[in-house]
Amino acid sequence: MSSIAAVGESYQKFNPRAYLQNNYMPPRADFTSEDCVVPWKLRCLAEAFATGEIHGHTLIDIGSGPTIYQLLSACDHFEEIIATDYLEVNREVLRQWVQDKMDVFDWSPYIKHVCKIEGRGEQWKEKEQKLREKLRQILPIDVHQPNPVGSPLRQLADAMVSTFCLEAVSPDRLSFERALKNVTSLLKPGGHFLLIGALEESFYLAGEAKLSVVPVSEADVKEALTKSGYKIHDFRSYIMPPSLKIGVDDVNGVFFVHAQKQPVV
């Protein structure tokens, strides 16, 4: 069994509820502190979209997992949002959220926080409904395939978002770089890519699953993006404080990148 196949096998034990509990509840999701990791991520995304540079018809979220927070600031700037994930269990969580099923994770604190930091006076229920309406497709994806979503898209994406995906499903640096190249094929030349991921992490827990992560540094991420034909507009790092190292992973920090795919000359 290849390393990539072994990664796919290990994800069969992935527990979405445990993952959400570990990463998207207090202490990591403390909205009273802008220095906490979750508010930091939401601010990075809100500020990127506030530039007005990132907009268009279609945005694709690469490896959505069971989360929607990464799409909250995006939904004002695109007609259609496509979520993707390798696991059917995560795609089902997303479908339940779109259908407003009661047993899904409560994202309302996130939506309220994003409305507050965007500062436009939008009611959180309006934003929630807007995202539900624009999240038109939830597709399977395999970032290790040259065509990650199987059949070609009707049109390439105007922008992409990806959070904690590529490094978490790649057994080594080379696989990480190839996965980035593969998903880049879904993006128009000139399109924008907002990427959030783990710095120097080797594993994380999601219930019974212990998932391996390829440890990457800031320099590794920048090099991979440059090799895939991106120009980096913004790169930020967050150092995980000891109070948020709670035993569910060994992450040292989080990176945020706003990059743009350069036209082929």
Side-chain angles (χ1 to χ4, degrees), residues 2-4 6-7 10 23 28 34-49 51 53-54 60-63 65 70 141 143-146 148 157 159-187 189-205 210-245 248-265:
S2 75
S3 298
I4 287 172
V7 171
S10 70
N23 295 287
R28 290 186 169 178
E34 277 295 318
D35 297 329
C36 192
V37 63
V38 163
W40 181 84
K41 289 187 287 186
L42 294 174
R43 182 167 288 284
C44 286
L45 291 163
E47 289 178 354
F49 284 106
T51 64
E53 297 171 18
I54 310 167
I60 298 180
D61 183 19
I62 304 294
Q70 66 275 20
I141 192 169
V143 300
H144 298 300
Q145 298 300 319
M160 297 194 307
V161 172
S162 186
T163 55
F164 304 100
C165 172
L166 301 181
E167 73 282 4
V169 298
S170 298
D172 51 48
R173 278 269 312 285
L174 190 59
S175 305
F176 172 76
E177 291 182 0
R178 282 188 188 137
L180 177 59
K181 264 200 171 65
N182 290 340
V183 300
T184 295
S185 69
L186 303 174
L187 182 64
H192 295 264
F193 191 11
L194 300 181
L195 185 63
I196 292 177
L199 289 169
E200 305 294 359
E201 180 178 55
S202 71
F203 80 92
Y204 73 96
L205 304 177
K210 182 176 182 179
L211 294 315
S212 295
V213 181
V214 58
V216 293
S217 65
E218 292 181 23
D220 295 334
V221 176
K222 289 174 182 175
E223 182 183 347
L225 285 163
T226 302
K227 282 183 179 176
S228 284
Y230 288 94
K231 179 183 179 183
I232 295 171
H233 290 300
D234 188 15
F235 195 107
R236 308 181 192 185
S237 295
Y238 174 93
I239 305 303
M240 194 68 81
S243 61
L244 298 185
K245 292 186 176 182
V248 297
D249 53 41
D250 62 350
V251 67
N252 279 340
V254 177
F255 67 84
F256 166 82
V257 192
H258 171 198
Q260 189 172 15
K261 183 178 177 179
Q262 297 302 288
V264 178
V265 178

Legend entry - Close side-chain approach of E47 and R236, heavy atoms under 4.5 Å: yes
Legend entry - S175 side chain reached by I4 side chain, heavy atoms, under 4.5 Å: yes
Inset, instruction - Look only at the side chain of N182 and the backbone of Q145, and say whether a donor-acceptor pair between them is shorter than 3.5 Å. - result: yes
Inset, instruction - Please report the shortest heavy-atom distance between S185 and P148, naming the atom on each side. - result: OG-CD, 4.0 Å
Can you give me every donor-acceptor pair (side chain of residues 221-229, partner residue at least two apart or in another chain, under 3.5 Å) with its distance?
from: E223; atom 1: OE2; to: K227; atom 2: NZ; distance (Å): 3.3
from: T226; atom 1: OG1; to: K222; atom 2: O; distance (Å): 2.9
from: K227; atom 1: NZ; to: E177; atom 2: OE1; distance (Å): 3.1
from: K227; atom 1: NZ; to: E177; atom 2: OE2; distance (Å): 3.4

Inset, instruction - Could you tell me whether a side-chain N or O of D172 sits under 3.5 Å from a main-chain N or O of V214, the two making a donor and an acceptor? - result: no
Inset, instruction - Measure the shortest side-chain to side-chain distance between S202 and V213 over non-hydrogen atoms and say whether it is less than 4.5 angstrom. - result: no
Legend entry - Value rounded to 0.5 Å, distance of NZ in K245 from CZ in R28: 9.5 Å
Inset, instruction - Mind running side chain to side chain contact (heavy atoms under 4.5 Å, CB included) on L194 and M160 for me, showing each step along the way? - result: CA-CA 6 Å; L194 300 181; M160 297 194 307; over 6 Å; no
Legend entry - I232 side, atom CD1; Q260 side, atom CD - distance, nearest 0.5 Å: 12.0 Å
Inset, instruction - Search all heavy atoms of V169 against all heavy atoms of H144 and return the closest pair with its distance. - result: O-NE2, 2.7 Å
Legend entry - Exercise: identify the closest heavy-atom pair between L187 and G191: CD2-O, 3.7 Å
Legend entry - Distance (rounded to the nearest 0.5 Å) between I62 CD1 and L195 CG: 10.0 Å
Legend entry - Pair H192-E53, side-chain donor/acceptor within less than 3.5 Å: no
Inset, instruction - Apply side chain to side chain contact (heavy atoms under 4.5 Å, CB included) to M240 and N252, showing your working. - result: CA-CA 6 Å; M240 194 68 81; N252 279 340; over 6 Å; no
Inset, instruction - Please test F164 against V254 for side chain to side chain contact (heavy atoms under 4.5 Å, CB included), starting from the C-alpha separation and ending with a verdict. - result: CA-CA 9 Å; F164 304 100; V254 177; 3.8 Å; yes
Legend entry - Set of residues satisfying side-chain contact (heavy atoms from CB on, under 4.5 Å) with respect to S217, sequence neighbours excluded: E200, A219, D220
Inset, instruction - Rounded to the nearest 0.5 Å, what's the gap from CD1 on I141 to OG on S162? Could you check? - result: 8.0 Å
Inset, instruction - Looking only at non-hydrogen atoms, find the nearest pair between C165 and V143 and report the distance. - result: SG-CG1, 4.3 Å
Legend entry - Interatomic distance, C36 atom SG to L42 atom CG [nearest 0.5 angstrom]: 10.0 Å
Legend entry - Side chains of Y238 and V37 in contact at under 4.5 Å (non-hydrogen atoms): yes
Legend entry - Straight-line distance of H258 NE2 to K231 NZ, nearest 0.5 Å: 10.5 Å
Legend entry - Heavy-atom donor-acceptor pair, D249 side chain to F203 backbone, under 3.5 Å: no
Inset, instruction - Please tell me if the side chains of P215 and E201 come closer than 4.5 Å, counting only heavy atoms from C-beta onward. - result: no
Legend entry - Whether E167 side chain and A198 backbone form a donor-acceptor pair below 3.5 Å: yes
Inset, instruction - Could you tell me which non-hydrogen atom of S170 sits nearest to which non-hydrogen atom of L166, and how far apart they are? - result: OG-O, 2.7 Å
Legend entry - Minimum heavy-atom distance between L199 and E218, given as atom pair plus value: CD2-N, 3.7 Å
Inset, instruction - Measure from NZ or CZ of K261 to the centre of the six-membered ring of Y230 and say whether it is under 6.0 Å with the direction within 45° of the ring axis. - result: no
Legend entry - Q70: side-chain contact (heavy atoms from CB on, under 4.5 Å) partners, not counting sequence neighbours: L45, D61, S64, T67, V161, T163
Inset, instruction - Give a yes or no on whether the ring-centroid distance for F235 and F256 is below 6.0 angstrom. - result: no
